[in-house]
There are 2 protein chains.
Amino acid sequence: MANPEAKTPRERYRAQVRTEIKDRAWEQIATAGASALSLNAIAKQLGMSGPALYRYYAGRDELITELVRDAYRSLADAFRAASPSGADVTTLAHALRAWALEDPQRYFLIYGTPVPGYHAPDDITAIASEIMATILDACAGLPSNGPETPLDAHLEDHRDWADGHPAPAAGLHRALSFWTRLHGTLSLELAGHFNGMGFDPALLYAAELDALTGFGKM
Amino acid sequence: MANPEAKTPRERYRAQVRTEIKDRAWEQIATAGASALSLNAIAKQLGMSGPALYRYYAGRDELITELVRDAYRSLADAFRAASPSGADVTTLAHALRAWALEDPQRYFLIYGTPVPGYHAPDDITAIASEIMATILDACAGLPSNGPETPLDAHLEDHRDWADGHPAPAAGLHRALSFWTRLHGTLSLELAGHFNGMGFDPALLYAAELDALTGFGKM
DNA sequence: TCGTGCAGTTATAACTTCTAACGAACGCGA
DNA sequence: TCGCGTTCGTTAGAAGTTATAACTGCACGA
């Protein structure tokens, strides 16, 4: 978060207030979702009146963008912490689920319903690419499984998004499936769509992971 | 939507205004998302001033709930129209994607970021069950594929959510994977997370579907 | 035809984001 | 140590939002 190594006292104070604002924002988001985030309420909690907050953030959008940035960084950190020496698919998957369950609304801030007009700044998409690269690293080492699919061939022709990653086309395919399948089960679980169905979402998640690594059917 | 067979002129007028309100609401949601839905703006578009709208809906929440209900009904109808005589997994999957692409925000209204406090009324969860039943029908007929997984055994013990459906445990497993995997690719595509990556999301969707039906690896 | 009930109105309260103008305090340079 | 300037926080206010209350007038139904 905001550089704590700031030189001047003013800068340090400013940085501290900014993180305090973000802390309160995360509390609000965790309990009521991002759409219910109120700058006024945050200011009141910090003991200052409404507009004072605009000294620190240009507006609601800028604050939320900063929260999205932090969320991406947090996920990238979680991946890095989970597998320091290169990556392992299973470890990554467990780290992803743990990170998501820790704060579901933080997950939805990244992977939830998008606001139609919004475009993320470049530095955020860069962090997203770093996360994708970690997944690609993990999938590159997986054993090949079955014949080449039409998608594999297509991905061989459109591998620019992998940003020069040396993984074979099957690895790119596997990375995309890793992303989409785990996101699929995770987001439905976090959204409560499995509530009352009785089964354990962790086992479904594990089954999808097994299928990905080749230890399960489908 | 609201019963067009209403007897009295008043009831017919009321029903017509209600659907007009919903039509405007859908327009707003499609262009700016559900969080930007403004009752005031809708009223102005209909040529009446603000509070008049409260004669038709108790508030924003009730209107949105009604939209969610209609969205669920629309998906159930799309499934029914796609496979009138029993269900076919591939047909269902194509119908799902077409329905989602038709209005991405409508998809997110159902499967997007949930509001933490919100609980859907029973009649909505009933429609959701009907949709699940259609998927189960389609998955029950699929050929078995590989040995029994731990999840299969677990689902055999927790098949209450299937509401007495006669599908074998492997079928339940397949139905859940159908749901989570297609939702995974679809929601990431609709949210724009594949933007700029170059590959065709339709092929990824097709590959996931192939894996589900047993014609692809993974 | 007459009266009841419903539609739509304006006024108002309590919110929200955000801008503008002002005062005060803090810290840096002289 | 003493200003002076930057920055912080304030109040005031505009333009929105949801939602309620009270009032008017029309239309439907008996």
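Below, read A as the first sequence line, B as the second, and so on, with proteins coming before strands; counting in each chain starts at 1.
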Nucleotide nearest B:R10 when distance is taken to its side chain, options C:dC28, C:dC6, D:dT6: C:dC6
Between B:S177 and A:E208: side-chain donor-acceptor atoms closer than 3.5 Å: yes
Donor-acceptor pair, side chain of B:T91 and main chain of B:A87, under 3.5 angstrom: no
Nearest-Å distance for atom pair CG/P, residues A:L53 and C:dA20: 18 Å
Donor-acceptor pair present, B:R55 side chain and C:dG8 base, under 3.5 Å: yes
A:K22 bridged to A:E27 by N-O distance under 4.0 Å: no
Electrostatic pair B:R69:B:E66 at N-O distance under 4.0 angstrom: yes
Under-4.0 Å side-chain N/O to phosphate OP1/OP2 contact, A:N40 with C:dC15: no
Rounded to 10 degrees, the angle between the two terminal axes of the helix from C:dT1-D:dA30 to C:dA30-D:dT1, each from five pairs: 0°
Mutual orientation of the aromatic rings belonging to B:H193 and A:Y111 [parallel < 30°, tilted 30-60°, perpendicular > 60°]: tilted
Flag, side chain of B:R60 to backbone of B:L37, donor-acceptor distance under 3.5 Å: yes
SB check B:E102 B:R106 (cutoff 4.0 Å): yes
Interatomic distance, B:E62 CD vs D:dA19 P [rounded to whole Å]: 10 Å
Ionic contact status for B:R80 with B:E130, cut-off 4.0 Å: yes
Residues from residues 41-52 of chain A lying under 4.0 Å of DNA chain C - heavy atoms: A:P51
Separation of C:dT17 P from A:D61 CG (nearest whole Å): 11 Å
Distance-only polar pair, side chains of B:H165 and B:D137, donor-acceptor under 3.5 Å: yes
Any A:Y13 side-chain nitrogen or oxygen under 4.0 Å from OP1 or OP2 of D:dT7: no
Sugar-phosphate only, base, or nothing, as touched by A:R60 at under 4.0 Å among non-hydrogen atoms: sugar-phosphate
Nearest-angstrom distance from the residue atom CD of B:E11 to P of C:dG5: 16 Å
Whole angstrom value for the distance that separates P of C:dC18 from CG of A:L63: 10 Å
Atom-pair distance (CG on A:L39; P on C:dC18), nearest Å: 6 Å
Sugar-phosphate only, base, or nothing, as touched by B:Y57 at under 4.0 Å among non-hydrogen atoms: nothing
Residues B:F199, A:H154; criterion ring-ring contact (aromatic ring centres under 6.0 Å, His included); working and verdict: CA-CA 7 Å; B:F199 69 87; A:H154 179 71; 7.1 Å; no
Touch class at under 4.0 angstrom, heavy-atom based, for A:R14 against every strand present: sugar-phosphate
Integer-rounded Å distance: D:dG16 C1' and B:Q28 CD: 14 Å
Rounded distance (Å) that lies between atom P of D:dT18 and atom CD1 of B:I21: 13 Å
